[in-house]
Amino acid sequence: MDKDVKKAKRLVIILFLICLCIALICFGIAVYLVITNRGSGTANRNIADITKSIFMIGVFFLVLGFGYTLPALLSARKKSGKAASTVIDFSSVSAESVKTSDVFDETNMRYNLAIYIPDGETLLAGIHAMAYESSVICVFSGCVCMEDRLRPDKDGGTVALMKKKYNSRSIYIGITQNHLVMTDCGVTPYSYLFNEEPDDDEPYIKETDIQEVTADILLTDIGRRFPLTDIQSCKIKKGWMGSVKCFITMKNGTYFKLMFPKLGGLGGGMPHHTEYRDAILARLGGINT
């Protein structure tokens with residue numbers, strides 16, 4: 001099993017024991033206060049309130065320990081035997097062979113990213129990450145805007161689309177020979193702003209390749225693939241607990257605020273996370289820091 005995964009499991013065990021100890025201490029203090037102040041009348045209402053608060057703190061840490069840290073530990077142990085020795089070869093896995101929906105699984109990640117990889121290219125590295133904010137700018141021609149898609153129309157004009165999201169979400173992100181590819185791990189709502197009469201003098205119009213719409217394009221599929229040459233800068237900073245923060249800016253104003261965690265989840269489902277994360281950071285960092 002990967003050393004980082006073992007460290008994560010030890011950390012979960014320690015957190016569980018800490019939560020359990022704090023809960024027991026709180027319950028003990030609450031019981032002591034109840035016993036020592038029994039029959040004191042209404043004079044000690046403040047102590048009664050304090051006792052209740054201490055008891056509720058104990059309940060909180062008990063729920064935290066048994067409701068969150070313990071299930072995570074059990075899940076990691078269950079998966080470790082199956083996934084610790086799994087090696088994924090990106091060049092040999094087909095989308096049709098994927099049957100799992102686990103977020104922290106390299107095969108599932110490969111399947112989801114493969115949808116947006118250009119013909120003739122392959123996924124060189126991919127990981128699970130977090131996106132905290134994003135704003136994507138795209139320009140299309142020969143289309144009309146529908147509720148959930150762009151539809152080709154010979155009488156349609158040029159449409160500028162801004163696709164934005166300001167809440168954090170779980171994503172897959174990867175690199176191919178020439179592209180940065182990303183997709184959400186689940187269904188994620190975005191805000192869309194359409195401009196059906198964009199000004200040609202706007203900087204974002206000049207720096208954006210206009211895509212002619214020849215078939216329906218779902219709004220959910222927009223903003224998933226970007227040429228690496230379109231990246232203007234990528235600022236990389238160290239984050240909390242070994243994570244890395246990335247602020248990617250494209251030439252047309254599109255940007256992403258991302259966080260690459262140190263681990264790819266527990267249980268060994270993404271055994272190449274560290275290797276692939278380093279490859280992605282090296283490629284992005286080599287563009288412009």
Side-chain angles (χ1 to χ4, degrees), residues 95-96 98-103 105 108-119 121 123 126 128-174 176 178-228 230-232 246-259:
E96 291 77 8
V98 179
K99 298 182 182 300
T100 180
S101 60
D102 190 359
V103 170
D105 185 278
N108 190 55
M109 174 194 66
R110 166 69 176 84
Y111 169 74
N112 283 273
L113 289 177
I115 300 171
Y116 305 105
I117 294 177
D119 293 339
E121 297 190 29
L123 189 64
H128 168 270
M130 296 297 297
Y132 292 112
E133 186 176 333
S134 64
S135 178
V136 177
I137 302 173
C138 299
V139 182
F140 302 90
S141 65
C143 63
V144 292
C145 304
M146 308 298 289
E147 183 178 357
D148 63 342
R149 67 192 66 204
L150 297 177
R151 178 157 292 172
D153 189 320
K154 62 180 181 179
D155 296 324
T158 300
V159 176
L161 168 64
M162 295 184 182
K163 180 178 180 180
K164 298 184 178 183
K165 181 69 174 177
Y166 297 107
N167 297 333
S168 61
R169 63 194 186 278
S170 183
I171 66 169
Y172 293 128
I173 183 170
T176 67
N178 301 300
H179 287 81
L180 178 70
V181 186
M182 64 181 70
T183 185
D184 298 306
C185 292
V187 178
T188 302
Y190 287 82
S191 63
Y192 297 91
L193 177 62
F194 294 92
N195 183 357
E196 299 188 53
E197 295 182 357
D199 189 345
D200 293 338
D201 293 330
E202 289 288 343
Y204 72 87
I205 295 293
K206 294 180 179 180
E207 296 293 343
T208 304
D209 292 332
I210 299 178
Q211 178 181 345
E212 183 179 358
V213 179
T214 58
D216 285 10
I217 300 177
L218 295 176
L219 299 184
T220 54
D221 289 335
I222 294 174
R224 303 301 191 187
R225 182 176 68 206
F226 307 90
L228 291 171
D230 283 356
I231 298 178
Q232 183 175 21
C246 291
F247 185 19
I248 301 174
T249 304
M250 305 290 181
K251 295 176 181 178
N252 69 346
T254 291
Y255 69 85
F256 300 95
K257 293 182 179 181
L258 309 173
M259 187 274 286

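Residues: numbered from 1 along the sequence shown. Basis for what follows: all heavy atoms, side chains included, without hydrogens, waters or symmetry-related copies. None of the values given here were measured: they were computed from a predicted structure.
- Looking only at side-chain heavy atoms (C-beta outward), Val213 and Pro152 come within less than 4.5 Å of each other.
- Between Thr176 and Val181, the closest heavy-atom pair is CG2-CG2, 4.1 Å.
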>> side-chain contact (heavy atoms from CB on, under 4.5 Å), that's the test. Do Leu219 and Phe194 meet it? Break it down for me.
In response: CA-CA 11 Å; Leu219 299 184; Phe194 294 92; 4.0 Å; yes

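- Take Asn195 and apply the side-chain hydrogen bond (donor to acceptor under 3.5 Å, both in side chains) test, not counting sequence neighbours, and it matches no residue.
- In terms of modelled atom types and a separation under 3.5 Å, the side chain of Tyr166 and the main chain of Ser135 share no donor-acceptor contact.
- Shown here are the ring-ring contact (aromatic ring centres under 6.0 Å, His included) partners of Tyr190, two or more places apart in sequence or in another chain: there are none.
- Using a 4.5 Å cut-off on side-chain heavy atoms (C-beta onward), Pro118 and Arg225 make contact.
- The heavy-atom pair separating Leu150 from Cys145 by the smallest distance is CD2-SG, 3.9 Å.
- Evaluation of the side-chain hydrogen bond (donor to acceptor under 3.5 Å, both in side chains) rule for Ser170 yields His128 as partners, not counting sequence neighbours.
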>> Quick one, Asp230 with Thr254, criterion side-chain contact (heavy atoms from CB on, under 4.5 Å). Give me CA distance, side-chain angles, the key distance, then yes/no.
In response: CA-CA 10 Å; Asp230 283 356; Thr254 291; over 6 Å; no

>> Quick one, Ile115 with Thr183, criterion side-chain contact (heavy atoms from CB on, under 4.5 Å). Give me CA distance, side-chain angles, the key distance, then yes/no.
In response: CA-CA 9 Å; Ile115 300 171; Thr183 185; over 6 Å; no

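- Listed by first and then second residue, the side-chain hydrogen bond (donor to acceptor under 3.5 Å, both in side chains) pairs involving residues 151-164 are Arg151-Asp216 (not counting sequence neighbours).
- The distance from the CE atom of Met162 to the CD1 atom of Ile222 is 13.5 Å, given to the nearest 0.5 Å.
- Rounded to the nearest 0.5 angstrom, Ile210 CD1 and Cys138 SG are separated by 12.0 Å.
- Across Val136 and Gly223, no two heavy atoms sit closer than the pair CG1-CA, 3.8 Å.
- Separating the CE atom in Met130 from the CD1 atom in Ile171 is a distance of 8.5 Å, to the nearest 0.5 Å.
- At distances below 3.5 Å, not a single donor-acceptor pair connects side-chain atoms of Asp184 with backbone N or O atoms of Arg169.
- Side-chain contact between Gln211 and Val139 is absent, with no heavy atoms from C-beta onward closer than 4.5 Å.
- Inter-residue side-chain proximity for Cys185 and Met109 is flagged as unmet; no heavy-atom pair is nearer than 4.5 Å.
- Inter-residue side-chain proximity for Phe140 and Leu161 is flagged as met; some heavy-atom pair is nearer than 4.5 Å.
- In this structure, Tyr172 and Leu113 approach most closely via the heavy-atom pair O-CD2, 3.7 Å.
- Residues forming a side-chain hydrogen bond (donor to acceptor under 3.5 Å, both in side chains) with Glu133 (at least two apart in sequence, or on another chain): Tyr255.
- In this structure, Leu258 CG and Ser168 OG are separated by 12.0 Å, a value rounded to the nearest 0.5 Å.
- Between Ser191 and Leu193, every side-chain heavy-atom pair lies at or beyond the 4.5 Å cut-off.
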>> Could you go through Ile248 and Leu180, starting from their C-alpha distance and side-chain angles, then the distance that decides it, and tell me whether this counts as side-chain contact (heavy atoms from CB on, under 4.5 Å)?
In response: CA-CA 11 Å; Ile248 301 174; Leu180 178 70; 4.1 Å; yes

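- Each side-chain hydrogen bond (donor to acceptor under 3.5 Å, both in side chains) pair with one or both residues in residues 137-148, not counting sequence neighbours, would appear here, but there are none.
- Distance alone, capped at 3.5 Å, is enough to place a donor-acceptor pair between the Glu121 side chain and the Asn178 backbone.
- In this structure, Thr249 OG1 and Lys257 NZ are separated by 9.5 Å, a value rounded to the nearest 0.5 Å.
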